[in-house]
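A quick write-up on the structure given underneath.
The figures here come from the full heavy-atom set of this structure, side chains too, leaving out hydrogens, waters and symmetry mates.
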Amino acid sequence: MSISKNDTNEGPSENYEGLTWRQVNHQVVLNHRLQSKQAKLMEPVRTDVLTVTPWMAPIVWEGTFDPLVIDETFRSHNLTIATTVFAVGKYTHFLRDFLESAEKHFMVGLDVHYYVFTDLPGDVPGNITLGLGRLLSIVKVPKFDRWQEISLRRMELIQTAIEDHIYREAHYIFCLDVDMRFHGRVGSEALGRLVAAIHPWFYMYPRSQYPYERRTVSTASVPQDQGDFYYQANIFGGALEDVHRLTKTCREHLEVDKSVGVEAVWQEESHLNWYLVKNKPTKLLSPEYVWDDAKRGKAEEIKLVRFSSVIKNKAEVRENP
């Protein structure tokens, strides 16, 4: 693996579980809160959707933030956004479109370091033009016997990568699926301590219909009377130490399940949802940020599709049963 980012901009650090994190300047959080509040006073309030959770975390929709104010607040702090994406087997076919669309729309104006986890390094496009302050590194992973194993191992591999080197190189991290395409801005308005995206297929459903893992034999089990939203694992992120804690906990729970022969109904997504029931995200991204192209047409409340899953024949790209 090649790492070409230097470490000249380290700010105040904090030791957590043996790691010295590159800390997000607390003033960024303060400015973000004040500026967002100020911007909301100047913008029409969305009344057609929920814009804040019961625990007072913002839900980001088109029209709920001023991009100029948000960008001015964050860009002055020399932030680096680590971005993990898994392209294993035939999923390398999605890399070019993912990266080219990301360069147009993802965290534009901020430093971004893509970490491509793949078993086929030679299939990673070598002629993608990256903008100033944008880097790409390849992380070699083994070929897995089952496509579900990729999902089950993702938390472990992200945790390990954070511990090995990412903690020295970035302030925030986003974990994205490769079979996705950016269509519109996904920028600094998405940054927060712990960020999750509301699933586009379930955001209008009652909690009783969320596809949580319900079997108590699994560590991902969510009781019927618990849960707030159903989150999709296609995109989640936040400050490095918060995401490290999430991935470490999910990895440990996945290993406990495996030791007793249990696999959660939606693999790591089930464990992600369990974690976010117990540890509320500090910011939620609306379904604009995780749309599905298979949802024909666009719901009235979706003013702008920003990031979406592309339509594909899963049987063709999943090499194993």
Side-chain angles (χ1 to χ4, degrees), residues 60-62 65 67 81-118 120 123-131 134-139 147 150-151 154 158 172-191 195-203 230-237 266 268-269 272 284-299 301-319:
V60 185
W61 296 85
E62 176 69 8
F65 65 93
I81 318 300
T83 305
T84 66
V85 57
F86 284 72
V88 178
K90 294 181 180 179
Y91 276 79
T92 56
H93 297 170
F94 299 103
L95 259 176
R96 178 175 296 279
D97 197 23
F98 173 90
L99 290 168
E100 289 181 347
S101 65
E103 282 301 288
K104 293 178 182 177
H105 301 294
F106 180 65
M107 299 294 168
V108 175
L110 297 176
D111 289 353
V112 171
H113 195 149
Y114 301 103
Y115 297 88
V116 177
F117 293 72
T118 183
L120 298 169
D123 288 357
V124 176
N127 57 347
I128 301 292
T129 301
L130 301 180
R134 322 272 285 197
L135 302 169
L136 186 151
S137 296
I138 296 172
V139 183
W147 68 263
I150 302 169
S151 175
R154 187 160 71 138
I158 294 171
Y172 291 97
I173 182 170
F174 270 89
C175 308
L176 309 178
D177 277 6
V178 71
D179 52 338
M180 307 280 289
R181 178 188 295 117
F182 290 90
H183 306 277
R185 172 194 169 101
V186 177
S188 50
E189 77 282 355
L191 297 176
V195 182
I198 302 173
H199 201 296
W201 287 96
F202 298 101
Y203 70 101
Y230 188 77
Y231 305 104
Q232 191 158 17
N234 291 12
I235 173 173
F236 63 92
W266 292 110
E268 99 282 14
E269 185 170 276
L272 173 71
L284 280 65
L285 304 180
S286 71
E288 297 172 359
Y289 289 81
V290 65
W291 197 246
D292 190 336
D293 289 352
K295 287 178 71 70
R296 304 295 181 181
K298 193 171 65 173
E301 63 274 6
I302 304 297
K303 308 301 183 184
L304 174 66
V305 172
R306 303 171 184 276
F307 189 45
S308 70
S309 300
V310 300
I311 297 173
K312 57 192 169 296
N313 185 332
K314 293 182 180 179
E316 290 182 357
V317 295
R318 292 176 175 175
E319 297 181 354

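Classification of the Tyr230-Phe202 ring pair by plane angle, with boundaries at 30° and 60°, yields perpendicular.
Partner Ser309 forms a side-chain hydrogen bond (donor to acceptor under 3.5 Å, both in side chains) with one of Asn234, Asp179, Asp292 and no other, that one being Asn234. For the pairing with Phe86, the side-chain contact (heavy atoms from CB on, under 4.5 Å) check across Val116, Ile158, Leu176 returns one residue only, Ile158. Checked options Glu288, Glu62, Arg306, Lys104; the residue passing with Arg185 is Arg306 (criterion: side-chain contact (heavy atoms from CB on, under 4.5 Å)).
Scanning all heavy atoms of the two residues, the minimum distance from Glu269 to Ala233 falls at OE1-N, 2.9 Å. Taking all atoms of both residues into account, the shortest heavy-atom contact from Phe98 to Asp177 is CE1-O, 3.4 Å.
Counting only heavy atoms from C-beta outward, the side chains of Leu110 and Leu191 approach each other to under 4.5 Å. With contacts defined as side-chain heavy-atom distances shorter than 4.5 Å, the pair Ser286/Trp291 does not qualify. By the 4.5 Å heavy-atom criterion applied to side chains, Val186 and His105 are not counted as neighbours. Within the 4.5 Å cutoff, no side-chain heavy atoms of Tyr289 are placed close to those of Ile198. Between Gln232 and Trp201, the closest side-chain pair of non-hydrogen atoms is not below 4.5 Å. Side-chain contact check for Ile128 versus Leu136: every heavy-atom pair is 4.5 Å or farther apart. Side-chain contact between Thr83 and Arg134: absent, with no pair of heavy atoms (C-beta onward) separated by less than 4.5 Å. Looking at heavy atoms from C-beta onward, Tyr114 lies out of side-chain contact with Leu95 at the 4.5 angstrom threshold.
The side-chain contact (heavy atoms from CB on, under 4.5 Å) search around Ser101 returns Arg181, Phe182, not counting sequence neighbours. Judged as a side-chain contact (heavy atoms from CB on, under 4.5 Å), and not counting sequence neighbours, the contacts of Asp123 are Thr92, Leu120. The side-chain contact (heavy atoms from CB on, under 4.5 Å) test applied to Val195 returns Phe174, Lys283, Leu285, not counting sequence neighbours.
At distances below 3.5 Å, not a single donor-acceptor pair connects side-chain atoms of Thr84 with backbone N or O atoms of Tyr115.
Here the straight-line distance linking atom CZ of Phe236 with atom CD1 of Ile173 works out to 8.0 Å at 0.5 Å rounding.
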**Request:** Check step by step if side chain to side chain contact (heavy atoms under 4.5 Å, CB included) holds for Leu284 and Tyr231.
**Result:** CA-CA 9 Å; Leu284 280 65; Tyr231 305 104; 3.9 Å; yes

